[in-house]
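A short worksheet on the structure shown next.
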Amino acid sequence: MNYNGFQELAATNQWSAIWPELSMAGIGLLVLCLDLFLPSSRKRLIPLVAIFGQLALLAVLVMGCGCATESTGPLFGGMIESGPYTPYMRAFFVLSSTLVCYLGVSYLSRQNLPRSEFYLLTIFVSGAMMLLVQSSNFVMLFVSLETVTIGFYVLVSYCRYSPFSLEAGLKYLILGALSSAILLFGIVLLYGAASNPALAQSTTDSMNFAALGKFIAATPEEPLVLVGAVLVLCGICFKIGAVPFQIWVPDVYQGAPTPVTAFLAVSSKAAGFLVLMNLVAGPFAALSKLTVPLLSAIAIITILFGNITALGQRNVKRVIGLSGIAHAGYLLVGVVAMAVGVALAPWAIIFYLFAYLFASFAVFGVMVHLAGVEDEIQEIDHYQKLAERQPFLAGVLAIGLGSLAGIPPLAGFIGKLLLFIAAFQAELYTLLGAAIIGVVISVYYYFGWMREAFFIKPALPGDEARPSYPMPGAVGIIHKLTLGLLVVITVLMGLFQRGIFGG
Amino acid sequence: MNIELNDYLFVSGLLFIIGFFGVLFRRNTLVIYMSLELMLNAVNLALVAFSRYHNSMDGNLFVFFIIAVAAAEVAVGLAIIVALYRKRQTVMVEELAELRN
């Protein structure tokens, strides 16, 4: 490459195009500096800075969503390319990170733990996710993915006085590192095939998605390419918790601090799906003969496994984790429809992710309020007669769970409907059948949880022996407002969808 | 005797598989961790070999990123293992599994 080539490359370094990511990093650094220099009596400012800084960024991003954003083309020498979904996903990750920080405030006040690192890590991880979903080069993808994953290792084992949290951290660490290694080996095989000068369309820039896509379209039968693509997809399936790579999900969700569980369930899964969408529509577009049957099989097993194993659970964090596997299955149906070529599918996935975000954070907000100091022990019995004692929380829980189950007037129903329409247009009838069976099963355990909160069971003789759970006090006004807002958005997204994504 | 690209790839694949089964079947957390590192180094070997034989610099560059990331991962991972050891006085996998239904 000569001097002019470098100049052309340098001209693509448009820092202004990634200002939201830079602002996230800025907020994170600000939190870090405040932690260093503020006197300890003023440390209470730090969460406020973290939350309001992100809220301001979110406000700017949401206002920008309305304007038509044209794609800027590849930036930073082909490392990053923003697509049509980028503005929505940026808003998604900032919103999710703000809510995690918010839940973190009430969680951390109950534990004797360092505070500011929690906000710092959450913000940095979210910024890395925003870069991850835009990366169009495997080097960029790997580095931002590892920034996310290593941040999560620390966050999952954040409660370092609790052996459960540490154990969850260790499990996430080993399986996360294993999935990274599998992903890497896939990348290497793809790189090795694409840089081979003996093959047609071989390229010198073989880590780049666009160049790789051209190469794969020219030689889709090359065995190295097929094995590499399967390994890369397996690595990503680990991150989204699809069967057979789901073994970490229930344990890690149970052991992690509740706000981190929410972060894992919402942001981490969304980032995994966006990467999967980028890959399936980008470099692997020519491999649809391989990706469609592979992902279909994974989707069917994932939906059935997640729903059936969630049936017998009594721990609510495990229920959320296992039902999260089922949600990953529904979203995979959308990805398969996208691989077949349905234009609706990506928007259906994004709508579903937003619906999932609002409903999940409503449920997690209730869980954080009700949890005692021992965060990993949250049983369904804990929610008995919640409607009598705290009717507001019970209402929030009902709407959140209803939306997750897909009850008609709520956002979750419309999200599932859009995904099913996309699957129908793609003529994936088997997948559609499995998904509908899954939804029917899921109603049972979501309603079992709700029934516990709303209907009083006749007291059985053995009931006295059960430990009675301490009921925390009334809900603060800010917590009420936040949860109320989440519920209102869930209902509104169910009633009015037109115009949310520009029609 | 000439060493060809396929020989490097064979060694790399072998290392990767040894590492993979090490993660699945070994019971000591530290040994599992070593197996993970073995997998990453298998990847590095393949990258360097491809890079050399296909005359492309990208692979060599990627190796540096992998080494840096692996170092960060080890720093966090060993910290978690040490903290867990202080709580439980063991690093064996069976004795660490307390998160159950």
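Numbered from 1 within each chain, the chains take letters A, B, ... in sequence-line order. All values below come from the heavy atoms of this structure, side chains included, with hydrogens, waters and symmetry mates left out.
For the pair A:Val188 and B:Ala46, the tightest heavy-atom approach, listed with the atom from each and the gap, is CG1-CB, 3.6 Å. Closest heavy-atom contact between A:Arg160 and B:Lys87: O-CE, 3.9 Å. Heavy-atom minimum distance, A:Pro163 versus B:Leu84: O-CD1, 3.9 Å. In terms of heavy atoms, B:Ala72 sits closest to A:Ile150 at CB-CD1, 3.7 Å. The nearest pair of heavy atoms linking B:Val43 to A:Ala181 is CG2-O, 4.1 Å. Smallest separation of non-hydrogen atoms from B:Gly77 and A:Leu173: CA-CD2, 3.4 Å.
Contacts of B:Val76 with chain A are made by side-chain atoms alone, with heavy-atom separations under 4.5 Å and no backbone atom involved. No part of A:Leu175 comes within reach of chain B, as not one of its non-hydrogen atoms sits under 4.5 angstrom from that chain. Within the 4.5 angstrom heavy-atom criterion, atoms from both the backbone and the side chain of B:Ile66 approach chain A. Proximity to chain A is limited to the side chain of B:Tyr33, based on heavy atoms less than 4.5 angstrom apart. Contact annotation for B:Val23: only side-chain heavy atoms (C-beta onward) come within less than 4.5 Å of a heavy atom of chain A. The contact between B:Ile32 and chain A is made entirely by side chain atoms (from C-beta outward), counting heavy-atom distances below 4.5 Å. B:Ser35 does not touch chain A: none of its heavy atoms, backbone or side chain, sits under 4.5 Å away. Contact annotation for A:Ser157: only side-chain heavy atoms (C-beta onward) come within less than 4.5 Å of a heavy atom of chain B. For A:Ala198, no part lies under 4.5 angstrom from a heavy atom of chain B.
Taking 4.5 Å as the limit, some side-chain heavy atom of A:Ile174 sits within range of a side-chain heavy atom of B:Thr29.
Atom CZ of residue B:Phe20 and atom CG of residue A:Leu178 lie 5.5 Å apart, to the nearest 0.5 angstrom. Rounding to the nearest 0.5 Å places OG of A:Ser180 at 9.0 Å from CG of B:Leu36. Atom NE2 in B:His54 sits 8.5 Å away from atom OH in A:Tyr191 (nearest 0.5 Å). Atom-to-atom distance recorded for A:Leu184:CG and B:Asn44:CG is 8.0 Å, nearest 0.5 angstrom. One distance of note links CG of A:Leu166 with OH of B:Tyr85; it measures 15.0 Å at 0.5 Å rounding.
Counting heavy atoms of neighbouring residues, nucleotides and ligands inside a 6.0 Å radius, atom CD1 of B:Ile3 does not exceed 12 of them. Within a 6.0 Å radius of CZ in B:Arg27, more than 12 heavy atoms belonging to other residues, nucleotides or ligands are found. Dense packing is recorded around OH of B:Tyr53, with more than 12 heavy atoms of other residues, nucleotides or ligands lying under 6.0 Å away.
Ring-centre distance between B:Phe62 and A:Phe142: below the 6.0 Å cut-off.
Interface check for chain B: of the options A:Ile182, A:Asn315, A:Leu170, A:Thr147, the most heavy-atom pairs under 4.5 Å are formed by A:Leu170.
The aromatic rings of A:Phe185 and B:Phe16 lie parallel to each other, their planes meeting at an angle below 30°, with 60° marking the opposite boundary.
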